[in-house]
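Okay, so here's the structure we're looking at.
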Amino acid sequence: MYLNLVNVQTQLHVIDRHLKWISCSETLNYTTDFFKGSFWAYPILLKSGIRVVIYSGDADGAVPAIGSMRWLRNLRVQNDLRVKKPWQSWLKPGKQENEPQIAGFFEEYDRDVSFVTIRGASHMVPQTHPQEALQLLSYFLNQRNLNNSPCTLR
């Protein structure tokens with residue numbers, strides 16, 4: 001599994017490596033009100049000024065991107081979030097050096113909020129699309145914005 005790889009844990013600065021990541025957990029209770037979910041926390045995050053990236057795989061059968069978009073629309077309306085950068089593609093390096101490929105789409109809002117889709121990804125984006133997940137995480141941690149230039153990963 002991706003998050004158990006030593007090089008991934010090194011890059012994420014994981015200190016305690018005795019725990020192993022697994023795909024699913026029987027300890028989580030999925031019977032809560034999933035319509036509300038974590039919605040209550042986002043106004044707090046927005047007021048605090050913390051950068052927020054909400055992402056979805058566009059082939060996710062568990063939490064479809066269209067559901068995330070509807071959820072985000074409600075968040076935007078209730079918190080007066082306005083579009084800063086309209087819906088557009090973001091790129092990843094292609095197999096040929098000068099032929100980037102579409103990695104997904106994104107939209108940016110004021111108060112440092114972004115919504116990103118990952119093309120062809122399912123629910124477990126880092127597991128199924130590690131290159132795109134790493135690129136997205138790199139942009140987020142380095143406080144850069146997605147644009148139409150693919151990120152060079154080293």
For a quick test of reading the model, state the closest non-hydrogen atom pair linking Y139 to L146 and the distance between them. CD1-CD2, 3.2 Å

dist H129:NE2 -> R119:CZ (nearest 0.5 Å) comes out at 9.0 Å

Does a sphere of radius 6.0 Å around NZ in K47 hold more than 12 heavy atoms from other residues, nucleotides or ligands, not counting ones at 6.0 Å or beyond? no

Heavy-atom closest pair (G120 atom, D58 atom, distance to 0.1 Å) is N-OD1, 2.6 Å

I want to check something: taking the side chain as every heavy atom from C-beta on, are L81 and L46 in contact at a cut-off of under 4.5 Å? yes

How many angstroms lie between atom CG of L136 and atom OG of S114, to the nearest 0.5 angstrom? 9.0 Å

Could you measure the distance from the CE atom of M124 to the CG atom of L3? Nearest 0.5 Å is fine. 7.5 Å

With sequence neighbours left out, the residues meeting salt bridge (Lys or Arg N to Asp or Glu O under 4.0 Å) with D110 are none

Does a side-chain heavy-atom distance below 4.5 Å link R76 with V83? yes

Is the Y42-W71 ring centre distance short of 6.0 angstrom? yes

Quick one: pull up CD1 in I15 and NE2 in H13 and give me the separation to the nearest 0.5 Å. 9.5 Å

Between P126 and A133 the two heavy atoms that sit nearest each other are CA-CB, 3.7 Å

Could you go step by step and tell me if S56 and D60 meet the side-chain hydrogen bond (donor to acceptor under 3.5 Å, both in side chains) rule? CA-CA 7 Å; S56 288; D60 185 345; 5.8 Å; no

For N4 and Q9, which heavy atoms make the closest approach, and how far apart are they? CA-NE2, 3.6 Å

Donor-acceptor pairs are to be reported for all side-chain atoms of residues 102-109 against protein atoms at under 3.5 Å, with residues two or more places apart or in another chain.
unit_1	atom_1	unit_2	atom_2	d
E107	OE1	Y109	OH	2.6
E107	OE2	W87	N	3.3

State whether the side chain of Q88 and the backbone N or O of P86 hold a donor-acceptor pair below 3.5 Å, judged by distance alone. yes

Which atom names give the shortest non-hydrogen contact between V116 and W90, and what distance separates them? CG1-NE1, 3.4 Å

Nearest-0.5 Å distance that lies between atom CG in L5 and atom OG1 in T10: 10.0 Å

So, R51 side chain and V113 main chain: donor-acceptor pair closer than 3.5 Å or not? no

State, yes or no, whether a side-chain contact exists between Q135 and P93 at a heavy-atom distance under 4.5 Å. yes

Drop me the distance from I118's CD1 to K92's NZ, to the nearest 0.5 angstrom. 11.0 Å

Can you find a heavy atom in the side chain of D80 that is under 4.5 Å from one in the side chain of R82? yes

V63 to H123 - nearest heavy-atom pair and separation: CG2-CE1, 3.5 Å

